[in-house]
There are 2 protein chains.
Amino acid sequence: MSERDEQAALFANEGFYRAFCDRDVAAMRALWAEHAPVACCHPGWGALVGRDAVLESWAAIMENPASPAIVCHDARALMLGEGCVAVICFEEMENGFTLATNLFVREGGAWRMVHHHAGPTAERPRRRRTAPPRAMH
Amino acid sequence: MSERDEQAALFANEGFYRAFCDRDVAAMRALWAEHAPVACCHPGWGALVGRDAVLESWAAIMENPASPAIVCHDARALMLGEGCVAVICFEEMENGFTLATNLFVREGGAWRMVHHHAGPTAERPRRRRTAPPRAMH
């Protein structure tokens, strides 16, 4: 993977967390793939498969005032084949940390998200950003 | 993805759980990719990155008599780009269930594992195999 590809994938990963924290459902819809199969494993849930099920789940979570804000730390990109990249990162919330795997594929010249799997972790990121998780409203 | 590709990916996924339950460290080594970057997120752990770190963790877990046997349920394969597939499945252990994402890339004509991310789930598989998790001895 070129450094440019890696930076673009990490930028797409940032866009995911920005859309979430901004509660921007349109931005969230735009960053998930339209042609590749998509899936999502929210912490504690079963697997959601298919764009409609995945995007409905994100809309419901983002519209829930109780959903915590999230800050992403220690994101690392791993190129898996020519057109697929996995980004692994910590997610910091007010009530703890999760570890996430976010998968992206090339679609229309951009990295589009195809999978998110997150679960609790007892580990902590090596590099913490100074900004705490933003309150969502 | 052709049906043949899908079956091959699901077969590789079965091989992963078989190697684990058989405590077959050599088989576990053989099924992880040698050229593509590899990573692993065990439940509750931080991310392990790199073949050595990942395989050492599996060897330690497999050599630990307290490690539970695992039975895989409801495996579904999603083709992500030309040479990358994600398999999502439930993992049944004596003490509960986890949900896993296992990623494979084509290497040397076979699907080789590049990433495993598992975490607890409150959901249960739709189709349970009749065989309970095998004891590891």
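None of these values were measured; they are calculated from a predicted model. All chains are named by letter (A, B, ...) in the order of the sequence lines, taking the proteins before the strands, and each is independently numbered beginning at 1. Quick note: numbers below take in every heavy atom, side chains included, and nothing from hydrogens, waters or symmetry partners.
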_Interatomic distance, B:L103 atom CG to A:L103 atom CG [nearest 0.5 angstrom]_ = 5.0 Å
_Counting heavy-atom pairs under 4.5 Å with chain B, which one of A:G119, A:A122, A:C89 comes out on top?_
A:A122
*Identify the two heavy atoms, one from A:L80 and one from B:P37, that lie closest to each other, and give their separation to 0.1 Å.*
CD2-O, 3.8 Å
_Part of A:L99 lying under 4.5 Å from any heavy atom of chain B_ = both
*Any side-chain heavy atom of A:L78 sitting closer than 4.5 Å to one from B:V49?*
yes
*Which of A:A39, A:G83, A:G44, A:P43 touches chain B most, by non-hydrogen pairs under 4.5 Å*: A:G44
*List the atom of B:I88, the atom of A:C41, and the distance in Å for their closest heavy-atom pair.*
CG2-SG, 4.0 Å
*chain B heavy atoms under 4.5 Å from A:R76: which part of the residue, side chain, backbone, both or neither?*
side chain
*So, A:T101 side chain and B:H117 main chain: donor-acceptor pair closer than 3.5 Å or not?*
no
*For A:A33, is it the side chain, the backbone, both, or neither that has a heavy atom closer than 4.5 Å to a heavy atom of chain B?*
neither
*Find out if a path of hydrophobic residues (ILVMFWY) with successive side-chain heavy-atom gaps under 4.5 Å connects A:F16 to A:M93.*
yes
*Spacing of CG belonging to A:L48 relative to CD belonging to B:E123, to within rounding of 0.5 Å*: 9.0 Å
*Can you get from B:L55 to B:V25 by hopping between Ile, Leu, Val, Met, Phe, Trp and Tyr side chains that sit under 4.5 Å apart?*
yes
